[in-house]
Asks: 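Before I ask anything, here is the structure I am working with.
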Amino acid sequence: MSTLHFTTIGEVIKKYREQAGLTISKLAELSGISKGAISKIERGETERPEFNTIKPIAKVLDMPKQELIEHYVEIHQRPDVLMELIKESVELSNVSLASKVALRFLQSNYEESHTLAEQLYHYVTSLMDTDIQLSLYEVVIKYARQRGMQTFLAKGLLQKYLIERLDLKRLDESFKVGEEILHYADFLSLEEKITFYFRMALHAHNTKRYVECIELCKAGLPLETADTELKARAYLAMVNSYYFLNNFEAVEKHLDIFEKFTYDFVSDATKTTRGIVKAKMKQFDLAIPLLRQCLDEFGKDNKIYVATELLDIYFQTEDMDSIAQLLEREQEFLPVNPQTPYMHILIGLYYQFKGNFLTRIGRFDDGMSSYITSLRCYGNVYALEEITKCMEDIFSCFANHSRPIDLPFVTMMYEVYNSIVGKKRK
């Protein structure tokens with residue numbers, strides 16, 4: 001039964017003590033708190049006892065910590081006490097309770113709003129539980145928005161964005177959070193601005209917002225004087241964005257700058273991009289040997305980029321023998337644990353190409369298995385455009401062979417497609 005209707009914490013303690021059948025003396029002995037202190041608390045003479053005094057008493061009485069915190073939130077406004085209650089709520093992994101106490105902390109009249117917001121913000125950044133972090137950042141954001149505290153609105157939104165952008169199935173939604181930050185970027189520190197612009201540039205690339213990717217990268221480049229890995233990866237995203245916009249002159253211009261970065265992935269990415277550009281310009285006699293060399297020399301993590309480009313070229317040139325030979329090397333270039341949306345899409349594209357090849361040579365069951373794998377890879381990042389194209393290839397391949405798709409595969413394809421598209425609509 002809830003005890004929140006009692007007017008003082010003393011009444012709560014007395015109720016639990018009597019239910020436990022303990023005398024004040026016995027409770028004092030078990031908790032380490034003096035008999036006199038407990039008596040004063042129960043009689044209401046100590047209206048706001050220290051939380052650290054009540055904790056050992058509550059532990060002996062087996063009083064739920066959540067209930068204790070709920071009661072303290074109602075009677076205390078001191079920031080130090082409320083911060084302690086926030087930490088206790090976090091320890092309980094109670095998201096809603098932590099948020100409630102955090103709001104009460106910000107509303108305390110004991111210190112200036114800016115000071116309290118700064119204390120809470122820095123505490124939240126130290127946490128490891130992202131669910132708790134997101135909830136508390138929401139409290140900071142809402143409070144800062146209401147009070148016109150632009151700095152903490154910007155900082156809170158940035159931290160929320162940096163967490164939410166890691167959810168590969170909600171990339172569009174988290175990008176919108178990032179777009180709001182653009183209005184408050186001037187309130188971020190230099191380091192935060194650099195992180196924001198480059199992370200958003202990568203995000204824009206991964207969601208096919210290529211113009212935005214270029215703009216965001218260009219916004220970050222003048223701010224970052226050091227050659228960091230994040231800067232290099234954002235620069236590569238900008239180069240790739242120029243490629244997808246068919247601006248090959250810009251690709252080659254920026255590749256000359258990009259290849260001067262000293263990180264391990266730079267050399268491979270430069271060679272691959274140069275080969276891909278040649279392929280895009282239909283210069284297959286130059287592209288194929290360059291990409292084959294990349295496939296032989298690169299580490300496994302980078303080979304999937306090359307493999308899919310080669311498969312595309314081979315299909316365009318009707319080189320079925322080279323496709324078969326490349327598929328035999330599958331274990332050399334398929335990533336085991338893809339980390340980025342683009343990598344999931346590339347793996348999906350590989351299996352789509354594989355499905356096209358297998359159905360073309362009459363291995364329809366194997367082809368359908370590859371198509372299903374492709375759909376699932378695309379589904380991991382809700383790549384609806386790629387899912388639609390894969391479905392078109394499936395129906396086209398079977399229509400060209402005047403062959404119906406077996407019912408088990410139809411059922412499986414329907415279930416995979418609906419599970420992906422249905423979740424996206426929600």
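For clarity, every value in this text was computed on a predicted model and none was experimentally measured.
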Asks: Going through the distances and angles, do R78 and E50 end up as a salt bridge (Lys or Arg N to Asp or Glu O under 4.0 Å)?
Replies: CA-CA 11 Å; R78 280 173 45 195; E50 293 293 329; 3.3 Å; yes
Asks: Could you give me the CA-CA distance, side-chain angles and deciding distance for R233 and E229, then say whether salt bridge (Lys or Arg N to Asp or Glu O under 4.0 Å) is met?
Replies: CA-CA 6 Å; R233 292 194 179 279; E229 182 175 350; 3.0 Å; yes
Asks: May I ask you to decide if the ring planes of F265 and F258 are parallel, tilted or perpendicular, using 30° and 60° as cut-offs?
Replies: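 Because their plane-to-plane angle lies in the 30° to 60° range, the rings of F265 and F258 count as tilted.
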Asks: Which class fits the ring pair Y305 and Y342: parallel under 30°, tilted 30 to 60°, perpendicular over 60°?
Replies: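 Geometry flag for Y342 against Y305: tilted rings.
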Asks: Any side-chain to backbone donor/acceptor pair from S135 onto I132? Under 3.5 Å, distance only.
Replies: no
Asks: Is it true that, when you exclude E191 itself, more than 12 heavy atoms of the residues, nucleotides or ligands shown sit nearer than 6.0 Å to its CD?
Replies: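 Check fails, neighbour count at 12 or below.
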Asks: Below 3.5 Å, can you tabulate the donor-acceptor pairs from side chains in residues 320-328 to any protein atom, sequence neighbours excluded?
Replies:
from	atom 1	to	atom 2	distance (Å)
S322	OG	R292	NH2	3.4
S322	OG	D319	OD1	3.1
S322	OG	D319	OD2	2.6

Asks: Could you measure the distance from the CG atom of N246 to the OH atom of Y210? Nearest 0.5 Å is fine.
Replies: 11.0 Å
Asks: Are more than 12 heavy atoms, taken from residues, nucleotides or ligands other than K100, located less than 6.0 Å from that residue's NZ atom?
Replies: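 Counting neighbours around NZ of K100, more than 12 heavy atoms of other residues, nucleotides or ligands fall under 6.0 Å, so yes.
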Asks: Below 30° counts as parallel, above 60° as perpendicular, anything between as tilted: where do the rings of F333 and Y350 land?
Replies: perpendicular
Asks: Output, in order, the C-alpha distance, side-chain angles, deciding distance and verdict of side chain to side chain donor-acceptor pair (under 3.5 Å) for E88 and Y72.
Replies: CA-CA 12 Å; E88 293 285 345; Y72 258 82; over 6 Å; no
Asks: Take a 6.0 Å sphere around CG of D264 and say whether it holds more than 12 heavy atoms from other residues, nucleotides or ligands.
Replies: no
Asks: Does N52 have more than 12 heavy atoms from other residues, nucleotides or ligands lying within 6.0 Å of its CG?
Replies: yes
Asks: For E385, is the CD atom crowded, meaning more than 12 foreign heavy atoms sit under 6.0 Å from it?
Replies: no
Asks: Taking all non-hydrogen atoms of both residues, which atom of L120 and which atom of A102 are closest, and how far apart?
Replies: CD2-CB, 4.0 Å
Asks: Working to the nearest 0.5 angstrom, can you tell me the gap between R170 CZ and Y382 OH?
Replies: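 Result: 9.0 Å between the selected atoms.
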Asks: Rounded to the nearest 0.5 Å, what separation is found between the CG atom of L230 and the OH atom of Y197?
Replies: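 That separation rounds to 14.0 Å.
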Asks: Mind checking what makes side chain to side chain contact (heavy atoms under 4.5 Å, CB included) contact with D256, not counting sequence neighbours?
Replies: E259, R274
Asks: Could you list the residues that satisfy side chain to side chain contact (heavy atoms under 4.5 Å, CB included) with S93, not counting sequence neighbours?
Replies: D129
Asks: Between NE2 of H71 and CE of M63, what distance do you get to the nearest 0.5 Å?
Replies: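 It is 7.5 Å, given to the nearest 0.5 Å.
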Asks: By the definition side-chain contact (heavy atoms from CB on, under 4.5 Å), identify the one residue from K303, R329, E332 that meets it with D296.
Replies: R329
Asks: Taking the six-membered ring of F175 (Phe, Tyr or Trp), confirm whether the NZ or CZ of R209 is under 6.0 Å from its centre and within 45° of its axis.
Replies: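 Checked: cation-pi criterion met.
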